[in-house]
Structures are given as structure tokens and as C-alpha cells.
Amino acid sequence: MDSAGASSAQRARTALIFVAPKLLQFVFVIWATYTVTFLLIHFLPGDPVLAALSLKGGDATTTDPAALERLRVQYGLDGTLWEQYFRHLTGVVTGNFGTSISTGQPVSTMISRVMPHSAAIAGLALVIGILLAVVVTYLAFLTRSNWLRQTLMQIPPLGVAIPAFLTGLVFISVFSFGLGWFPSSGTRQPLSVVLPAVTLALPVGAIFFQVFSAAVFEAANGAYVFTAVAKGLSPRRIFTRHVLRNSLLASITILGLQIGYLAGGTAVVETVFSRDGIGRMTVNAVLGRDINVIQGVVIVVAIVYSSVNLLVDISYGLIDPRIRPSLATPKTKGSPTAPDAPENSAPVRTTT
Amino acid sequence: MTQRPLDAPAAGESVDDILQVSGLQVEYHSAGETFPAVRGVSFSIPRGKIVAIVGESGSGKSTISQSLIRRLSTGGSITSGSIVFDGINLTQLSEKKLRRIRGARIGFVPQDPSNSLNPLMKIGEQIAESLRLHEKSSASAAAVRAVEILREVGIPDASARAGQYPHQLSGGMRQRVLIGMAWACNPDLVIADEPTSALDVTVQRQVLDRMERLASERGTAVLLVTHDLAVAADRADEILVMQQGLIVEQGHAKEVLENPTHSYTQRLVAAAPGLNSARLQAQLLPFGSSGPLGSSLFAGRPISVETSFEGIEKIPVPGLAPVLEVRKLVKTFALRTPGAPASVLTAVNNVSFAVQRGQTLSIVGESGSGKTTTARIAARIASADSGTVLFDGEDVTTLQGEKLRQLRRRIQVVYQNPFGSLDPRMTLERIITEPLRAFKLGDRKRQAEAAKELLECVQLSPDLINRRPGQLSGGQRQRVAIARALALGPEMMVLDEPVSALDVSVQEQILQLLVNLQAQFNLSYLFISHDLGVIRQVSDEIVVMRFGDVIEAGPAAQILKSPTQAYTRELLESIPGQLQGQS
Amino acid sequence: MRLLKKPGLLVSAIFLLLVLLAVAVPSLFATHSPLEGVAAEKMLPPSAEHWFGTDHLGRDVYSRVVYGARLSVAAAALAVLIGVSVGAVVGLVAGAVGGKIDFAIMRVVDVFIAVPGILLALIVVASLGFGPWSVAVGVALGAAGSFARVMRSQVLRVRNEEYVEAAGALGVRRGTILLSHVLPNASRPVISMAALELGTAILSVSALSFLGFGPQPPTPEWGSLVASGREFVATAPWLSILPGVVIVAVVLAVNRVAQQLGASK
């Protein structure tokens, strides 16, 4: 290790210099997300409060200003925008996301109740998706038949083009109603996780595949793989020892975006499979114009997204020797061969 | 094209040949089109000898080196011929058996040291991997041997280096690691594909020395693929000259160089900068009534170069006043690495020189010498931390805005990379007339005529006027860049490595063109190059730079004949093409 | 000619043209009324008379898909148009101005990328009310962030190209360089990305309609058609699956054509 001479205090300082800006960014994104959401909800035309109250009240919609004001106070929607903004912000910091307009329950309780259900299918979907992408790429890398490789490479783009609600419905009609292997809906049975997770895994895997396979085949035509071939290594070994790590490293930056996709995707999938979860809760909140719940969900999603990005960033620094913070003082004379930091502005996007 | 057996199959197939290639043909297929890269090539490599394949880009030389280990780029395939290595026909061998030859009996030194090592694997491990695979060494024995190999290829502090990652090594060291890797399992043959073209000359020499020594110590045969005839002349026993997929000449190194029979070889020998030491003389230009500034283009220019313009008072001093002078330039860059204290790199340290009117001053130096930064400051593209830039006696160091823009009419720049300096979306006409439009010179019709004349000036057909840069060769693009620079009728051109991205024979044509234009238009050049061989073909004065400092400066003849500084001598000695006949 | 060598592209292009024609003049393709059903002919499986079968009100599903094309495609196209314009302008300004303004703009853009597109769309829909046009605005907002980021990185890339510096050294003015070199070279990748985004937008719009935020019944729209067939998926799966297949086909065709646009010059 080149850091042998550094004291542990120095080491800690270096680590701090490396991590501190990323932590700052983490906090910033969550705050900014809260602010932007708040602005969007309050500055777009239409009074969401009135809309929500009227939806909730049904025929008994109150027009009495005093009663309306009481309801506003009850849901924390009274006062000027500034007051509301800061009241909510303090709430967010202390973990209090306010009260749901439609159910009257604390938003944080609602979220923590359904969170595990969504986490289960999202996590499983991520694992299945990445595995699928790696396996398909591995086969395409190994095969010597051009035709087979072309065919394999054509399959994953389909995953992006098929809407999750269609896949879900097809799965239900085949595996639930047709074969009876898996439950078609609900959250109770353990096997109920399978179909939603696979449904989500297809697009998630397809997006990961696009980035990962591009990295693999770029490497395969690149110089260090040529060196490995010239050494006499077998294609399998070249893949596992040389290509895999480099390509995964190039692909993990999109994990954050994948989390975003998963958060959006659960809305559709949980609706199709009638499962409890963050996504379905959000859909119901939007249908009921329940802005407290919507805002709570957005913040939670932003926290998850930022945490994953933070982890990706830090693990990047640990895995890639080129951007590992160096402890040795750089030599001043000579060619300034600064390590080329990988450009992570690749136009990879996800939407539902 | 007809298939001519230009070369008889290696005369008297001796058992002493480690490799015999006969009738090799390689094609590339892409998008339904077939391109023959190697069109029937036969040669052999005797055991323990060094054979060089020399050719320019597109000659098929690298394709041959790749086909010898049957690893062609996408779309490539061997369509006929045989490659017999020590009695085994590699074209027929199963992939599995071939893998036992690759790395074990045939080593390969690739072209690009910066990308040819796995960036995430320690270099010791990358060598040890080979040893474990082919020699069946234990993990610990392989690791120990890997350190020994690093020491053998001349890497200082080898045991510590073995634990480092490729990015922590310089280019030259990385190439040594790759050489160590190629020789790790004591192969019978090593294929070196342009092993030093990405390296500085002094490093190139050390790396080639190391390779040559390993080859003679171990009795390894080497196939050296290079674009540089001089490198081949220095290192090889035999030379094959390739052009468009065919071997046009082959024989003992000395004979080929001294007595080239094929016209292409003759041209290569004549063009090779390392083998050719005279300054180029201006030739009469092939087109019509051109006096010194006699082309209709310059005559019809609304503002001729003689006219002064607002902002810069022109003092028409004839004779000895330099056109461009820089005094005590200093430029530093802050280096930042995450987690480390910032440090300062002095890229240009107290540099002064003067370019005389109508002459060429060249700055020579290796990478990191600060030569390009100096040129950019002199051309007022970059700014200096301190120091003065004088143009025609005027201090232009701090010119800004419109005044700086007006200065551009008198000083123009030609860049190294003809692929990057032309907007890929524009036609040649728009490219060449861009400066005319920027200064609103002439109407559209007049500008279009000027573009055609300028193309003729750089010896390109005016028919190309509607092409885009992507449809031109590298040499043609560089001519376009020169034509564009000429459009405003400048007095001075800054030429930043103008030929280093080009093939040797094209290099020579461009250099000749520059010399001709200089004489015709009385241009002054500030010429930047890493290649002393190129420098001595064009220079009147030479400045040698290293790590930001001027090591030595003076008239070209003096610097080249009797340098006073050790570094200059080292640079001169590193020019390939001087070792032939010595050994 | 060249198209014939790429049958996939040819089929995609022809199919897209037909879809566009259906958007313009749906009556050319529809076989029945999209809104009025025949009660006696409800829940029929696909047949020569009713290609996609009939729904619970006896309406011809194929004709409803044809008429649904208008809203689905138009909403998606509008979303892309808004997303690209807003994103490209923001990215161009950030990249061209640089400095603190760039920093500030990009931090806001980060937020729009951090919040998943569908969630952003849901926020917008919650505020603006339901319907295809607020869905389009929502989807546009979700896409604008990545367009801004790509545009900015392209502007920065092109600004560092040697030909831009060369133009400066030739004496071309900064504003002229921005218009004649930077903008054309930077916008090409953004334009081909916009083409790809159309496919994604069709999926997003139909997903939001599927969730019930699109047009109100009985107006046909692809996502709503799938949603309304959902409750009969056990007995009449074609009701939701066939409209779904149409969505897939359109998205695949769009992607194929967009891919070609990205590949050619």
C-alpha cells in the first residue's frame, strides 16, 4: 500500500476531504427536492387543499370559511406559504411528515408500514435484473456465433419497450389464472412477491444491460483485452478476471437512476398486482389530492436515491484505484498525468 | 487490382525459420462491404533474428501482426494462406491449442501502453497471471518471478512497483511492463506492434534498447511492426516494406535502405526525417503568375498585409526587427488531486526568443516540456502569468477584445490534429472562408473564389470545395487547415506539431508545402515539434525546451551540429536511423 | 434502396406513418364507432368482424385503439416537445454561461433528475388536475432534467473541441462561434435523444393513464384501454393485452427509427 507512511489521523482527514462534499451534496439534494416539490404543489394553478378537502368531504363539502380554516390547521396547511414551508421543513428534519388528509394517520406511520413491501419487490427486481443483464451479456461475449450474439443483444431492448402494466397483466393471466403457480394479487403470501418483482426486473435489467453490455463490448474491442488474449487467457477468464470488474465499475453509476425507476415502477406494478406499497399509496394519494402524503413519499424517495448515490460514489472510490484519494504528495515536476476521472455524464436516463 | 506475386515464397525454406507465412490474405467485412487489408503476403522470420515490417497507415502491417495470433479486430478474417509457427499451422489450429501458444511461445507487445494494461489490476499480478497460466507456477512463485521480470526490464524499485496500478506508472514504464509480460514465459517469437510510437524519443530509445537486449540474451525472434523506417533501420536484421496490403520490397536492412529498388521504398527513404538531414528548399509553385504576393487573392484583398489597421500602430521596420518576440514568459498550473495538498506545475519558466521575419524558429521538446503552452501564449490563445509578447515591435501581451481580434489577421495558428481543428459539419468552402466572413472581407462570390484559390495554394483540387472534413485524408485536412490560416494573408503562422499526426511520406509533402509558402508569401513560422528529424527540415533557429526551461537556443546548424548541452545531445542521439551499420 | 437492406427499419417507418395517419384521420382505419357499443355484442373474442374483440359495453376495441392513438401520441409528442425545449434552453444557458450561474442551474436540474419521472408527473397531475394534457406536462418535466444535463455536457464538450479554439484564433467573434459551431454540433445528440424519448414518453403517458390520471371515460386512450380491460383479465385477456401490444409495437417502431436518426449524420 502506498499509504504505509501516513498516520491514521492524516488518513482520517483524507477520507473526510473525500467524503465531506458528497455528504453535503446528499443533504442538499434532499432539501432541494423538498423545496422544489413544495413549490410545484403550491405554485401550479389550482388549490390542492380545496381540491383534497372537497374530494374527501364528498357531499358534505364545507364552504364555511371558519370550518375550512380549522381543517387547514389540522393538516398543517394554514398560514402563509413561508410559514407552511418552514413548518414542514422542521417537521421533515424531525421525522414528522404531517398528517394524511384522506386517512387522518401520520404520514410517517403510513410510509413505514408499506415500505418493507415495496423494498422487497424493488430489491428483488434489482437483483434479478442485474443478474439477467450480466448473464445475457456473458453469453453474448462468449459465443462465437455472430448470429447468436446479435439475437441475444436484441432481446433486452424489448424489456424497455414493454410497459410494466402489460407484462404484469400477461403474467397474471398466464401464471396466476392459467397455471395457478403464483397468487395474482395481495401482499400476504410470500410467493406474491415473485410476479411483481419479475415484472419490474425486466425493464430494470434492460436498462442495466444497455450500459453494462456497451461497457463489456467496448472493453472487448479495447487494448487491455487484446493484451489478455495475447497472453493466452480463455474468453471465460478474460470475462471474469478482466472485463467484468471494469464494466461493472462503469455501470454502477446508473444504480441511482435505477432506484428512481424502481420507485416509479412500483406505482404501476403495485396497482396491477393490488399490493400494498409505497407506489400504490402514492397513486391513491394523488387520486385523493393528499399533498401531505405525496410530499412525504417524494422526500423518502429522494433519501433512498441519494443514499444509493452516496454509496455508489464512496464504493467507486474504494474499488477504482484511479480515483482513490491518494495520500502520497504528488510529484510536482514532470508530465502532469492526472488520472483521468471517468466521465459520468453519460446520457443514461430512465423514465417509466 | 491484379494479384501479383511480388515476392517469391521465402527462398529455400530453412528449418531455422521460427515463422513462415505464405500467401496470407486478410479481409475486413463491415456493413456488407469487403475490404482486403492484406492481399497475399509471404515472409519468414529466422530464429533469433529481428524482422521489421515497415509501412504507413492502411498498409496492413498491424493486420498482419494481429493475424499471427489470430486475433483480428471486429469483422476481420483470414481468407487464405498459412502461418506456420515452428511446424504448426496456426490458421488450422483449434482455439484451445492456440491459447497454449499465445503468451507462452509467441509474446505480443502492443501499441498503446496507456490502455493495454487492465486499469484495475496491479501490474505484478498482470505478469504473474501469465506465469501461472503457462508455466503452472504457484501463486507465490509467480509473484516473486513477476518482480524479477520487472527488474529485468529496467523498472526501478521493482518490488514496490509490482503492487502499483498502471495509472501510477509513466508511459515508458508501462511499455516496459508490457515487454516484460511478452517475454515472461520465454517465447520463441515476440511480435511488437508499434511498441514505441506513443513514447517520447528518448524513452523510445531506451525501450527499444531493452527489447533488443532481451531478444539477443534469450535468442528470441522479433517481428517489429513500425511506421518508422529509421527505427527499423536501427533495429532489424531484415526489413519488409508494405504498401496497400502487399510486400513491395524485402531484404537485409542495409540493402533495403542503401539500395531501395521499389519506387515506394525510395520515396519512404527519401521522406524519413531521421534519415534525412537537410533543410528543405523552397520549390517553384506549380501555378501561374505568382510573384512574392502575386496571386490574385492577395492582390484583390481589400486590406493588404502592408496596410496598418486601427488599434495596433504598425512600425514598418525593415531588416532585422523580429516579427515576434517573447520575453521572460512564465506560466504555472495548479495541480489538484482529491485529498492531497495542491501543488504547482511550472509549465513555462522564463522563456524568451525572437522570430525573424520570413524565417522559422522551432521549439523542440518532449511531452511536458512546455513547448505547446509557450506557442499558445505567443499566439495569444493562452495567457502568461508574467512576461511580454511583442508582435512587430508592439506589446500585445494584454490586448483584449476587438484589438486582439484584429491581431488575429496577422498571426494565425495551425493545429496538430487535423481531425479536431476543422468543424466536421462544415464544407471546405465554409471552413476556408470563415475568417473572411469574420472580418467581412469581400462579398460571397469573392469569398468563394478566394476559397478555390486558397485550395490551389495548398495544392488541393478546387473540386473538393463542397466536401466535408470527414471525406478527406489526414494530409488533405491539414492542407485545408493551412489554407484557412492563409486566408487572411497573415505575416506569422504558429504551427503546433503540424505533421505529427501524419504518415511520413505525407509529412514530407506538408513540410515542403510550408517551406514553399513561406518563400512565396514571406511568412514567419513558429514551429513546434517533438521530432528533431522534422525540426531540422524546416528550421532556421531552434529552441530546445525541457520541463518548462529553455535548455539551449541558437541557429539550427549550430544546435544540430555542435550542441553544448547534454540533453540536446541526448535528443539528437535518440533520433532513430543512426545506429544502422554500427552493430 | 438503402432502406431495403434494413427490413426492420422499413417496417417500422411504414408502421409509424400509418399510426400518424390514424392520429390525423382515425376514421380511415376504424371499423366501428369508438364510443357507441352494441349491447348484444359485448365481450366478444377477437374475430374477423371485431379484430380486437369487444368490451363490456359491446364497443369495438380495435376502433377504440385507433381513436385512442390521437390522445396518446399527441400527449407524448407534446411532452417531448416541452421537455426538449425547456431542457435544451436550460442546458445551453448553463453550458454557455458557466460559472456560478451554471452551478446554480445544474443543482436545480439535479433535483429534477433525483425525483423519478413518474413521481414528478404525479406531483404535477395532483396540482394541475387529471387529464391527458397535465399528464403531458408532468412527463415533460420529468424528461427536461436529463435533456438539460445532456445539452450542457454537449455544449461543454464542443466548447473544448479544437475547432472552436481554432475559430477563436482565426478571429471569429464569440457569439458567432456559439451559433455557427457550438450550437449545431451540440444539438445533434440532443435531437437524436429526443427521438428516443418519444418512445419513453408514450410509455409514461400510457402508464399514467393506466393509473387513472388520463382522460375520463369514455374517451379512448391506450393506457386507459388497458386499465379498463384489467378487471376482465381472467375471462377476456384480449381486452387489455391487445391494446398493450399496440403500445409495444409503436414504441419499438419509434425506437428503431430514432436509433437510425442517431446513427446517421
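A note on names: the letters A, B, ... follow the listed sequences, proteins ahead of strands, and every chain is numbered from 1. These figures come from a predicted structure and were not determined experimentally.
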Residue E366(B) versus chain A: region with a heavy atom under 4.5 Å
neither
N/O donor-acceptor pair under 3.5 Å between R71(B) side chain and F226(A) backbone:
no
So which part of A219(A) gets closer than 4.5 Å to some heavy atom of chain B, the side chain, the backbone, both or neither?
neither
If one checks every heavy atom of P119(B) against chain A at 4.5 Å, the contacting part turns out to be both
Please state whether the side chain, the backbone, both or neither of I191(B) comes within less than 4.5 Å of a heavy atom of chain A.
neither
Could you walk me through whether Y224(A) and L117(B) satisfy the side chain to side chain contact (heavy atoms under 4.5 Å, CB included) test, starting with their C-alpha distance in whole Å, then the side-chain angles of each, then the deciding distance to 0.1 Å, before giving a yes or no?
CA-CA 5 Å; Y224(A) 71 85; L117(B) 291 165; 5.6 Å; no
Using every non-hydrogen atom in the two residues, find where G232(A) and H134(B) come nearest and quote the distance to one decimal.
CA-NE2, 4.1 Å
Is chain A contacted by the side chain of R132(B), its backbone, both, or neither, given a heavy-atom distance below 4.5 Å?
side chain
Should the heavy atoms of other residues, nucleotides or ligands under 6.0 Å from CD of E33(B) be counted, would the total exceed 12?
no
Checking Q111(B) against chain A: side chain, backbone, both or neither under 4.5 Å from a heavy atom?
neither
Heavy-atom donor-acceptor pair, K231(A) side chain to Q126(B) backbone, under 3.5 Å:
yes
Closest non-hydrogen atom pair between L120(B) and R245(A), with its separation
O-NH2, 2.9 Å
Side chains of M121(B) and P321(A): does their closest heavy-atom pair fall under 4.5 Å?
no
Neighbour count >12 (heavy atoms, 6.0 Å) for atom CD, E218(A)
no
I'd like to know if the side chain of S73(B) pairs up with that of N221(A) as donor and acceptor (distance under 3.5 Å, no hydrogens or angles considered).
no
Counting only heavy atoms closer than 4.5 Å, note whether R241(A) contacts chain B via side chain, backbone, both or neither.
both
With a 4.5 angstrom heavy-atom cut-off, is it the side chain or the backbone of L233(A) that approaches chain B, or both, or neither?
both
Heavy atoms, side chains only, cut-off 4.5 Å: are E129(B) and H242(A) in contact?
yes
So does T227(A) get a backbone contact from the side chain of S116(B), meaning a donor-acceptor N/O pair under 3.5 Å?
no
